[in-house]
Amino acid sequence: MSINIFKLEEYLSKYEFSAPYLLCCSDAESFSMQEIIDMAEPNEKALWDNLRLSYTEATGLPTLREQIAKSLYPTLDASNILCFAGAEDGIFCALHTIAEPGDNFIVLTPCYQSLSEIPKLKGAEITEIALLEENDWRIDVGEIKKAIKPNTKCITINFPHNPTGQVISQQELNDLITLCAAHDLWLFSDEVYRLLGAPHEGWAQPAAEIYTKALSLGVMSKAFGMAGLRVGWIACQNKELLKKIEYMKHYTSICNSAPSEVISLIVLKNKDYILSRNNQIVTENLKLLDAFMEEHQNLFDWVRPQGGCVGFVKYKGHDHIENFCERLVKEKGVLLMPASIYDHKSNHFRVGFGRKNMPQALDRLKEFLS
Ligand SMILES: Cc1ncc(COP(=O)(O)O)c(C=O)c1O
């Protein structure tokens, strides 16, 4: 079975390294490698200086797995963590392992394409449940309940959500987990944007901490702003499943990059500082976006994002959003992402506000509008 083109990656590969103002990025501002190395404690510095560039352990550097558990999933331990070359490798390996022909997967849309594409590749059928703007893009557990079929095997969620920036509350997650447990379903919870932003009700716990059949997907790319490391992980209480997923990883990346593992370890040890810097950038940028939305109410509207660093804006102009985005990038070098990239039939676009140069990109957008 052939796989469909990943529209978002195709779009970014066309513009990401040529458009000077990326106003749709989904990651926080990066750090330089030297800045991270300078944060290292003497033992990590020694690890870095003496690092051999050989293969690493397929499951991930043991001290890194320990640190991931300690920093992000305190009720779990290293044996519950499996590392990958980015979150994408984790999505591929996990969903390819869980899905079998004839299974049903429930996926919330719009969604990051690989979350629905990989089960399809294995011959699973997908039931899409649309997140609705009139419902503030929030999960509707009642709709999911109605969609469950005898062959449903897994529910896939992604909160904070790409592209809307909406979050899941603890109550909504608990209700979803009760539903999954009642039907013995896997819950694949893509949490790559977790800890970036300020949800009104605080952060829901990672799903893997509270449900034995949940997989929590995490990564260095988004909240930490270190996509170039290509280090991601899955946290899961079910070690039998983790083993099977590891067998799949033997066919994709085999193991992580050795330097990236050590840098990720240093980053996680300095998690509070790094997240607070990134959250500050996001908070300041959101204030500018609030003012922008207020000023241009005739043209734009949105449900203000609560988590992550992307939001889904409705364009109320007369032309199609694809034309608008194309003209904007050609004339002003500012990149937005139209809804069609998510197969979403609307005049929305994704805006990103995790980067330091977002104010300059927004100024260029304002110039374009005037
Ligand atoms: C929801 C979601 N999951 C997974 C990924 C993949 O992350 P990575 O690039 O770190 O592999 C992305 C990247 O945009 C994403 O938005």
Side-chain angles (χ1 to χ4, degrees), residues 6-13 15-17 22-30 60 68 72 82-96 107-119 131 137 139 155-168 187-197 206-208 215-235 245 249 252-253 256-257 260-261 263-264 267-268 278 282 305-312 335-337 339 341-344 349-355:
F6 200 139
K7 289 188 181 171
L8 184 147
E9 296 302 336
E10 192 205 17
Y11 184 77
L12 286 177
S13 66
Y15 295 111
E16 192 176 0
F17 298 97
L22 302 176
L23 193 49
C24 60
C25 290
S26 64
D27 50 354
E29 180 73 24
S30 199
I68 292 171
L72 302 167
L82 177 58
C83 292
F84 293 94
E88 190 60 52
D89 191 27
I91 292 174
F92 187 93
C93 292
L95 295 181
H96 200 279
V107 177
L108 309 181
T109 59
C111 83
Y112 187 66
Q113 193 176 334
S114 52
L115 296 175
S116 62
E117 208 64 59
I118 307 305
L131 297 170
W137 305 113
I139 190 168
I155 297 175
T156 298
I157 59 170
N158 160 224
F159 292 105
H161 181 242
N162 174 2
T164 68
Q166 292 314 314
V167 295
I168 191 165
L187 175 62
F188 188 86
S189 178
D190 179 333
E191 300 166 5
V192 298
Y193 297 97
R194 198 168 174 276
L195 303 183
L196 192 62
L215 297 84
S216 285
L217 180 74
V219 80
M220 296 311 302
S221 310
K222 307 297 184 181
F224 296 101
M226 301 196 199
L229 292 177
R230 310 309 300 137
V231 170
W233 55 85
I234 281 174
I245 299 174
K249 184 185 171 186
T252 57
S253 51
N256 285 84
S257 138
S260 291
E261 289 189 321
I263 295 183
S264 300
V267 168
L268 284 173
N278 291 349
V282 162
Q306 291 195 51
C309 58
V310 294
F312 212 34
L335 189 67
L336 294 173
M337 186 175 281
I341 298 300
Y342 292 87
D343 275 338
H344 196 253
F349 63 86
R350 179 175 102 179
V351 68
F353 46 88
R355 301 278 182 93

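Keep in mind that what you see is a predicted model, and the values were worked out from it rather than measured. For ligands, and for the atoms within them, numbers begin at 1 and follow the listed sequence. In what follows, every heavy atom counts, from backbone to side chain, and hydrogens, waters and symmetry copies are set aside.
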Problem set entry | Contact atoms of ligand 1, heavy-atom distance to N162 under 4.0 Å | 15 (C), 16 (O)
For this session: Anything under 30° is parallel, anything over 60° is perpendicular, the rest tilted; go ahead and classify F159 against H161.
Result: tilted
Problem set entry | Ring centroid separation Y342 to Y11 under 6.0 Å | no
Exercise. With a 4.5 Å heavy-atom cut-off, do E88 and Y112 have their side chains touching?
Worked result: yes
Problem set entry | For atom 7 (O) of ligand 1, the protein heavy atom that lies nearest, with its residue and separation | A87 CB, 3.5 Å
Exercise. Atoms of ligand 1 less than 4.0 Å from S26 heavy atoms?
Worked result: 14 (O)
For this session: Looking only at non-hydrogen atoms, find the nearest pair between L196 and K222 and report the distance.
Result: CD2-O, 4.2 Å
Seminar exercise, completed: Nearest non-hydrogen protein atom to atom 13 (C) of ligand 1, with distance, is K222 NZ, 2.8 Å
For this session: Would you check whether M220 reaches within less than 4.0 Å of ligand 1, judged by its heavy atoms?
Result: no
For this session: Identify, by atom number and element, the atoms of ligand 1 in contact range of V219, meaning under 4.0 Å from any of its heavy atoms.
Result: 10 (O)
Problem set entry | Nearest protein heavy atom with distance in Å, relative to atom 3 (N) of ligand 1 | D190 OD2, 2.5 Å
Problem set entry | Side chains of I234 and F188 in contact at under 4.5 Å (non-hydrogen atoms) | yes
For this session: Could you say whether the N/O atoms of N158 and ligand 1 ever approach to under 3.5 Å?
Result: no
Problem set entry | Closest heavy-atom pair and its distance - F312, P110 | CE2-CG, 4.3 Å
Problem set entry | Atoms of ligand 1 close to Y193 [distance to a heavy atom under 4.0 angstrom, numbered from 1] | 1 (C), 14 (O), 15 (C), 16 (O)
For this session: May I ask whether I91 has any heavy atom positioned less than 4.0 angstrom from an atom of ligand 1?
Result: yes
Exercise. Quick one: are M337 and P163 in side-chain contact, heavy atoms under 4.5 Å?
Worked result: no
Exercise. Hey, looking at atom 11 (O) of ligand 1, which of E191, M226, E88 has the closest heavy atom?
Worked result: E88
Problem set entry | Nearest protein heavy atom with distance in Å, relative to atom 10 (O) of ligand 1 | S221 OG, 2.5 Å
Exercise. How about Q113 and L8: do any of their side-chain heavy atoms sit closer than 4.5 Å?
Worked result: no
Problem set entry | Heavy atom of the protein closest to atom 12 (C) of ligand 1 (residue, atom name, distance) | Y112 CZ, 3.3 Å
Problem set entry | Side-chain heavy-atom pair M226, S260 within 4.5 angstrom cut-off | no
Exercise. Backbone or side chain, does any N or O of G86 fall under 3.5 Å from an N or O of ligand 1?
Worked result: no
Exercise. Hey, is A227 one of the residues with a heavy atom under 4.0 angstrom from ligand 1?
Worked result: no
Exercise. Are F84 and K249 close enough that some pair of their side-chain heavy atoms sits under 4.5 Å apart?
Worked result: yes
